[in-house]
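Each remark here refers to the structure printed beneath this line.
Just follow the structure's listing: the first ligand is 1, and inside any ligand the first atom is 1. All figures in this text were calculated on a predicted structure; none of them were measured in a lab.
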Amino acid sequence: MAITTIAIIGAGPVGLAAAAHALERGLSPIVLERGPSAGHAIQQWAHVPMFSPWAFNIDRAAERLLVTAGWTRPNADRYPTGGDLVSDYVAPLAEQTILRDHIRLNAELISVSRVGFDKVKSAGRATAPFLVRYRDGKAIAKLTADAVIDTSGTWFSPNPAGAGGIPATGESEASARISYGMPNALGEARWRYAGKRIAVLGGGHSAIGTLIALSQLQAATLSTEITWLYRGPILAKAFGGGAADQLAARGDLGLQVAELVRQGRIHALTGFQLDRIEPAEAGLRLVSDDARNQTVTVDELVVATGFRPDLSPLRELRVALDPALECPPSLAPLIDPNIHSCGTVRPHGAVELAHPEPGFYIAGMKSYGRAPTFLLATGHEQVRSIVAELAGDHAAARRVELVLPETGVCSSTPRGPSQAKTSCCGGPAPVSVDACCADDAKAKAAGETGCGCSPVQGENREAAEV
Ligand SMILES: Cc1cc2nc3c(=O)[nH]c(=O)nc-3n(C[C@H](O)[C@H](O)[C@H](O)COP(=O)(O)OP(=O)(O)OC[C@H]3O[C@@H](n4cnc5c(N)ncnc54)[C@H](O)[C@@H]3O)c2cc1C
């Protein structure tokens with residue numbers, strides 16, 4: 001079936017890149033964005049410095065459009081904040097190029113299905129157009145399209161605080177004292193945290209970034225108390241690749257937080273399995289369900305336990321997902337933090353991201369499901385390949401046009417920053433090999449189960465939360 005119109009869900013950087021590639025190939029994209037402007041999710045973490053410099057953050061088709069609109073490329077070596085990413089790239093792309101005629105704002109996806117087909121009906125299914133229903137301001141609207149690319153991200157569906165992936169008992173009742181993701185502790189949320197007792201739950205970059213921001217607040221308001229609640233048994237796992245991370249800013253976060261813990265400015269509790277949240281002493285009592293019965297009383301809780309995809313709008317599509325990660329199954333071995341700790345994911349595209357529903361793809365942050373190591377550069381390569389496939393250029397869809405940096409966090413043994421000198425990955429795995437990195441590919445070719453970078457079960461999963 002010849003593809004003409006593509007519905008793209010979400011005007012984040014990856015959705016806009018998909019639209020730019022579609023226009024270059026003479027296709028007609030329609031981008032639905034739930035927020036009042038493009039980059040709405042990134043605006044929620046506008047204050048956060050990114051760990052990848054501009055060189056890794058700009059899609060090439062998007063750049064070609066921007067250049068025709070007189071845009072000046074930011075310095076490739078500079079590290080933007082989320083706010084810079086929107087003001088210097090996403091907003092000009094959405095507002096100053098021909099993309100603006102293809103974006104519908106305040107348009108929130110409700111559901112995607114096939115016209116006249118529920119999920120069960122097969123005969124003729126592949127040629128039926130997609131039916132996209134969305135909230136258009138206050139009204140309900142619909143459109144049809146030949147293909148759909150869901151690039152709606154995961155920001156608006158954070159994981160809950162409870163250790164078992166479910167809300168802790170009392171979590172919703174305590175919501176006035178809980179923030180999810182990365183609150184702006186040095187900006188608009190300063191009043192909320194200065195001089196307070198704050199717990200940060202999580203082990204990934206969001207948790208570490210928040211801990212570092214709170215420590216800066218603590219330097220100004222000494223009575224600020226910071227407790228780090230870490231689910232895994234070994235805190236050093238959270239410190240990441242340090243000096244071995246090719247994205248130096250990301251490696252540096254781990255080094256900084258390690259030093260703050262060493263100085264005693266951050267009090268860390270390991271093995272903390274949050275079970276319930278109770279009102280206490282003008283604050284919250286956080287109770288862990290672990291052998292030590294750990295309990296901590298705080299004024300505020302920041303939950304930084306990662307994100308999960310919202311799959312509810314996709315209920316009537318034939319979507320194949322890995323049972324653990326909720327990402328396309330063939331992507332799972334490349335990004336599963338249970339079996340591989342590094343973010344050295346080889347570039348991938350239409351083949352790996354295909355679903356049993358022809359013409360439907362999930363790309364960008366959402367394509368990683370619950371896995372945390374997504375990079376924008378990966379998303380740009382994904383949509384370049386997907387759009388090429390939809391346009392019938394199968395050779396371009398299968399070509400790899402991206403080299404990603406290594407994270408340097410790949411290790412089978414817990415280590416501190418001082419040990420983080422080398423990476424075990426050997427770079428991304430070759431294309432068409434079901435392995436997460438070059439060393440993993442070599443080990444599997446030799447009949448072994450993998451490169452041995454597997455961490456203690458469950459431990460690394462937390463270290464890798466976004
Ligand atoms: C704090 C933080 C820092 C990060 N730093 C880096 C970094 O340094 N380098 C890097 O490479 N990656 C980084 N990432 C990871 C990732 O690259 C970003 O999250 C990036 O924004 C993902 O782009 P996206 O387009 O896939 O999703 P998003 O940017 O999340 O965009 C999704 C869009 O879809 C919209 N949307 C959501 N639901 C709906 C709906 N139902 N209907 C319509 N629209 C909807 C949202 O409003 C949003 O505009 C970071 C992520 C976070 C959270």
- So, is the end of the R34 side chain (NZ or CZ) under 6.0 Å from the ring centre of F156 and within 45° of the ring's axis?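 The answer is yes, since R34 meets both limits relative to F156.
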- Task: Please confirm whether R114 makes a cation-pi placement over F130, using NZ or CZ under 6.0 Å from the six-membered ring centre and within 45° of the ring normal.
- Result: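 Yes, a cation-pi geometry.
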Going by the closest heavy atom to [atom], which one wins out of [options]?
atom: atom 47 (O) of ligand 1; options: E33, M50, M182; result: E33
atom: atom 45 (C) of ligand 1; options: Q43, R34, E108; result: R34
atom: atom 41 (N) of ligand 1; options: I110, L109, L375; result: L109
atom: atom 18 (C) of ligand 1; options: F307, W155, W45; result: W45

Does the residue [X] have a heavy-atom contact with ligand 1, meaning some pair of atoms that are separated by less than 4.0 Å?
X: G379; value: no
X: F56; value: no
X: S367; value: no

- Item | E326 vs R308, salt bridge (charged side-chain N to carboxylate O under 4.0 Å, His left out): CA-CA, chis, key distance, verdict | CA-CA 8 Å; E326 298 178 341; R308 55 182 59 170; 5.9 Å; no
- With sequence neighbours left out, what residues match E381 under side chain to side chain donor-acceptor pair (under 3.5 Å)?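 Partners of E381 by the side chain to side chain donor-acceptor pair (under 3.5 Å) criterion, ordered by chain and then number, come out as R384.
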Enumerated ligand 1 atoms positioned under 4.0 Å from heavy atoms of [X]:
X: V14; result: 23 (O), 24 (P), 25 (O), 26 (O)
X: M365; result: 15 (C), 16 (C), 19 (O), 22 (C), 26 (O)
X: F156; result: 46 (C), 47 (O)
X: G364; result: 26 (O)
X: A107; result: 42 (N), 43 (C)
X: A41; result: 30 (O), 47 (O), 48 (C), 49 (O)
X: S52; result: 7 (C), 8 (O), 9 (N), 10 (C), 11 (O)
X: L32; result: 43 (C), 44 (N)

- Query: Is there a nitrogen or oxygen of G153 sitting under 3.5 Å from a nitrogen or oxygen of ligand 1?
  - Reply: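 By distance alone, the answer is no.
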- Under 3.5 Å, is there a donor-acceptor pair between the E225 and H267 side chains?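 E225 vs H267: no donor-acceptor pair found between side chains.
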- Aromatic ring pairing H355/F360, orientation class (parallel under 30°, perpendicular over 60°, tilted between):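 If you compare the ring of H355 with that of F360, the planes turn out tilted.
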- Task: Assign the ring pair H205 / F51 to parallel, tilted or perpendicular, where the plane angle (0 to 90°) is split at 30° and 60°.
- Result: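 Judged by the thresholds at 30° and 60°, the geometry between H205 and F51 is tilted.
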Reported [atom1]-to-[atom2] distance for the pair [X] and [Y], which is rounded to 0.5 angstrom:
X: S113; Y: R315; atom1: OG; atom2: CZ; result: 13.0 Å
X: D310; Y: L109; atom1: CG; atom2: CG; result: 8.5 Å
X: N184; Y: R192; atom1: CG; atom2: CZ; result: 12.0 Å

- Ion pair check, E357 and R318, cut-off under 4.0 Å: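 The answer is no: the pair does not qualify as a salt bridge.
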- Have a look at ligand 1 and work out which part of I42, if any, has a heavy atom under 4.0 Å from it: side chain, backbone, both or neither.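 It is the side chain that touches ligand 1; the backbone stays farther off.
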